[in-house]
Every structure is written in structure tokens, then in C-alpha cells.
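Note that ligands are numbered from 1 as they come in the structure, with each ligand's atoms numbered from 1 the same way.
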Amino acid sequence: MTRHDHQLHHGESLKEAARERLTKEGEQWTDMRAAVFDALAGFERPASAYDIAEAVSNAQGRRVAANSVYRILDLFVSANLARRVESANAYVANQHPDCLHDCIFLICDNCGQTVHIDDDNLSGGVRKAAKTAGFSAPRPVIEVRGTCGDCETQ
Ligand SMILES: [Zn+2]
Ligand SMILES: [Zn+2]
Ligand SMILES: [Zn+2]
């Protein structure tokens, strides 16, 4: 993918873009899926399936199993609505569900704040190197650990 200006969605606009994307995938935007997406998007840091199950349970006043949340998160990841932050073993809402990238995450070791950047030159280079080494369909996972600006200045 070449360089382009893509839109990062927030709030209602993010929810709308996510619904549109999932529907285009031929999947239904059910109440449960909407609730899971709401909870996921409400977290400021990567959230585990358990965190999200708890948030949905609290919001709905009934017990929601982490297993069913996990299945929905799986669907969200495959439909580009969410991304897995592997090194945090957690998920974030994808701010550009209508646009596919190998997202790069910068994760603060201190507070867990996660910054999302897209640099297709960087991830494209990793893809190319993997292909050269005989890897088919390489899927770069690029995560950088460090200290965020907020923690640095404290
Ligand atoms: Zn884009
Ligand atoms: Zn991205
Ligand atoms: Zn921090």
C-alpha cells in the first residue's frame, strides 16, 4: 500500500466505521457485538478479553462470559475492527477499520499506554525480508517497548 492520508476515527465515528466494515464482511452488527466494541473502544490501554467481559457485564448488569467475548474479538481482528497487541496479550480497537495496515504499536513499560502508528515502509520492509527468507504470507507484528512521553517527564 502506498502512502496516503487515512482517517483515524474516534467516538461515534469509530463505531459507525466499525459497523460499516463488519457489515461489508457479511457479518451482523448484533447488540452483543456492538456492546463488545463499545467496551473495547472505551479502554485507553490494550484490554484483555477478561477486562472487556467485565466491562460488558457491568454495562449490561448480567454476567457475560469471557469465552463469548473472546470469539467476538477474534472476529473483530479478522475483520480489521480490532488489533491484537501481542506483547501485552490484549486488544485495541482499530482506529482505521476501513483501511488495512500492519499497525505498529509503541507500548510503555511503565503505564501500559499504547501508541499506534502506521509506517508502511517499515512493515513493507519486514514483509519483503520475510518473503526473501522463504516465508509465505508474512504477517509482520511490530511492537516497540519503551517509556512514553508522559512517564518520561514525571
Ligand atoms: Zn490507511
Ligand atoms: Zn494502523
Ligand atoms: Zn507511560
How about Ile52 and Leu73: do any of their side-chain heavy atoms sit closer than 4.5 Å? yes

Would you check if the Zn ion (ligand 1) lies under 2.8 Å from any N, O or S atom of His101? yes

Cys99 near the Zn ion (ligand 2) via N/O/S, less than 2.8 Å: no

Metal proximity, Asp118 vs the Zn ion (ligand 2), N/O/S cut-off 2.8 Å: yes

Find, among atoms of His6 that are N, O or S, the one nearest to the Zn ion (ligand 1), and state its name. ND1

Opening angle at the Zn ion (ligand 3) [SG, Cys148; SG, Cys151; to 10 degrees]: 110°

Kindly assign one of parallel, tilted or perpendicular to the pair Tyr91 and Tyr70, based on the angle between their ring planes and the thresholds 30° and 60°. perpendicular

Classify the ring geometry between His96 and His116 as parallel (under 30°), tilted (30 to 60°) or perpendicular (over 60°). tilted

Please evaluate residues Arg84 and Asn89 with respect to the criterion side-chain hydrogen bond (donor to acceptor under 3.5 Å, both in side chains), reporting the C-alpha separation (whole Å), side-chain torsions for both, the decisive distance (0.1 Å), and the verdict. CA-CA 7 Å; Arg84 225 180 110 74; Asn89 201 10; 3.1 Å; yes

Distance-only donor-acceptor check, side chains Arg45 and Thr114, under 3.5 Å: no

